[in-house]
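The structure displayed is predicted, hence computed values, not measured ones. Residues: numbered from 1 along the sequence shown.
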Amino acid sequence: DLHSFPTRRSSDLRTFDVACIAINNLGVLYGITSDPSVKKLADLEGRTVYVYGEGGTPEYTIDTVLAGHNMAGKVNLVFKSTPFEILNLLQQEENCIAIIPQPFVELAKYMTSGLATPIDITKEWDSMEGNDGSRAVTTHTVVNRAFLEEHELAVVEYLQQMAASVDWTLDHIAEAAACQVELGTFMNDEVALGAMPYCSFVCLTGETAYDALSGFLEAIYAENPESVGGALPGTDFYYLPPLDSLDTPVEDLASGMHP
């Protein structure tokens with residue numbers, strides 16, 4: 001009944017009766033390189049940059065950022081099928097440049113010495129020419145609308161717990177990183193600990209989530225309408241919790257909402 005998706009999938013979800021209830025991550029993409037001459041986004045002009053995520057959120061985010069900095073068509077983006085291919089290239093190729101997401105950035109640094117991350121794609125998004133406050137958004141959570149209508153209280157409680165989980169994680173990074181063993185990830189504690197502060201964990205809801213996600217989708221749509229399947233989701237795609245409900249104990253809400 002609830003599921004988290006990459007934001008580009010918002011377009012695919014139009015055929016299902018679902019609503020977006022939260023944003024989980026903002027931007028997680030970083031420029032990583034062994035070339036010390038690369039200091040800023042503009043230094044990528046005329047260069048080959050390895051990228052993962054063709055046809056998905058990473059591709060459309062990068063394309064939109066380049067266009068927003070008047071660099072469309074000025075960077076040779078070479079897509080690879082997995083981030084592990086790019087990790088191998090960063091080890092083998094002199095002055096290699098890539099744009100990859102966390103936690104692969106931290107894994108690359110763990111595997112290969114001399115790598116730097118001079119470019120934060122999230123910051124480059126925020127500083128795009130003409131940006132009206134949109135945010136780079138990586139993942140969002142949706143809920144089956146029938147479930148929402150029948151169990152709105154449960155959804156509100158879920159959002160409260162999600163927010164508490166994000167707060168705990170950001171306040172206890174080392175303890176949260178150690179959970180990766182139990183979860184069976186490909187990382188170790190050191191990689192997880194290094195990556196987590198740069199994964200942009202958030203729990204954005206209501207109008208804040210609407211502004212961030214709708215602005216993101218509008219931006220990538222303007223650059224390439226097919227990035228969102230040719231049409232933007234309507235305003236009814238976004239769930240707005242009842243006023244103050246996320247700050248009110250669930251037991252105090254029960255009488256006025258569906259269980």
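- Listed by chain and number, the residues in a side chain to side chain contact (heavy atoms under 4.5 Å, CB included) with N70 are E129 (sequence neighbours excluded).
- Every residue was checked against the side chain to side chain donor-acceptor pair (under 3.5 Å) condition with T112, not counting sequence neighbours, and none meets it.
- Summarising the geometry, atom CD belonging to E54 is positioned 5.5 Å from atom CD belonging to E59; distances are rounded to the nearest 0.5 Å.
- Residue pairs meeting the ring-ring contact (aromatic ring centres under 6.0 Å, His included) criterion with at least one member in residues 198-225, sequence neighbours excluded: W125-F216, Y210-Y238.
- For S81, the side chain to side chain donor-acceptor pair (under 3.5 Å) criterion is met by E85, not counting sequence neighbours.
- Residues passing the side chain to side chain contact (heavy atoms under 4.5 Å, CB included) test with L89, sequence neighbours excluded: Y50, K80, E93, C96.
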**Request:** Begin from the C-alpha positions of E106 and Y30 and carry the test side-chain hydrogen bond (donor to acceptor under 3.5 Å, both in side chains) through to its verdict.
**Result:** CA-CA 10 Å; E106 201 62 29; Y30 295 85; over 6 Å; no
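- The shortest side-chain heavy-atom distance between L29 and T122 does not fall under the 4.5 Å cut-off.
- Here the CD1 atom belonging to I99 is positioned 6.5 Å from the CG atom belonging to L77, to the nearest 0.5 angstrom.
- In terms of the side chain to side chain contact (heavy atoms under 4.5 Å, CB included) criterion, residue partners of E157 (sequence neighbours excluded) are, by chain and number, Q161, V250.
- Shortest non-hydrogen contact noted between V65 and M128 is CA-SD, 3.7 Å.
- Side-chain atoms of I100 and L87, non-hydrogen and from C-beta on, do get closer than 4.5 Å to each other.
- Partners of T139 according to the side chain to side chain donor-acceptor pair (under 3.5 Å) rule, which considers only residues two or more places apart in sequence or in another chain, are N25.
- At a threshold of 4.0 Å, the pair K123-D126 does not count as salt-bridged, since none of the basic side-chain nitrogens sits closer than that to a carboxylate oxygen.
- Within the 4.5 Å cutoff, the side chain of F104 has no heavy atoms near those of the I32 side chain.
- Remark: R47 pairs with D35, S37, V38, N95, I97 by the side chain to side chain contact (heavy atoms under 4.5 Å, CB included) rule, at least two apart or across chains.
- A search for salt bridge (Lys or Arg N to Asp or Glu O under 4.0 Å) contacts involving D1 returns nothing, not counting sequence neighbours.
- Taking the side chain as every heavy atom from C-beta outward, I220 and V228 approach each other to under 4.5 Å.
- The shortest non-hydrogen separation linking V137 to A212 is CG2-O, 3.8 Å.
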Which side-chain N or O atoms in residues 171-179 pair as donor and acceptor under 3.5 Å with protein atoms at least two apart or in another chain?
unit_1	atom_1	unit_2	atom_2	d
H172	ND1	W168	O	2.9
H172	ND1	W168	NE1	3.4

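- Partners of K39 by salt bridge (Lys or Arg N to Asp or Glu O under 4.0 Å), not counting sequence neighbours: none found.
- A distance of 8.0 Å separates CE in M196 from CG in L170, rounded to the nearest 0.5 Å.
- In this view, D63 satisfies the side chain to side chain donor-acceptor pair (under 3.5 Å) rule with no residue, not counting sequence neighbours.
- Side chains of P6 and T138 form no contact here, defined as non-hydrogen atoms less than 4.5 Å apart.
- Contact of the Y60 side chain with the E226 side chain is not registered, since no non-hydrogen atoms from C-beta on lie closer than 4.5 Å.
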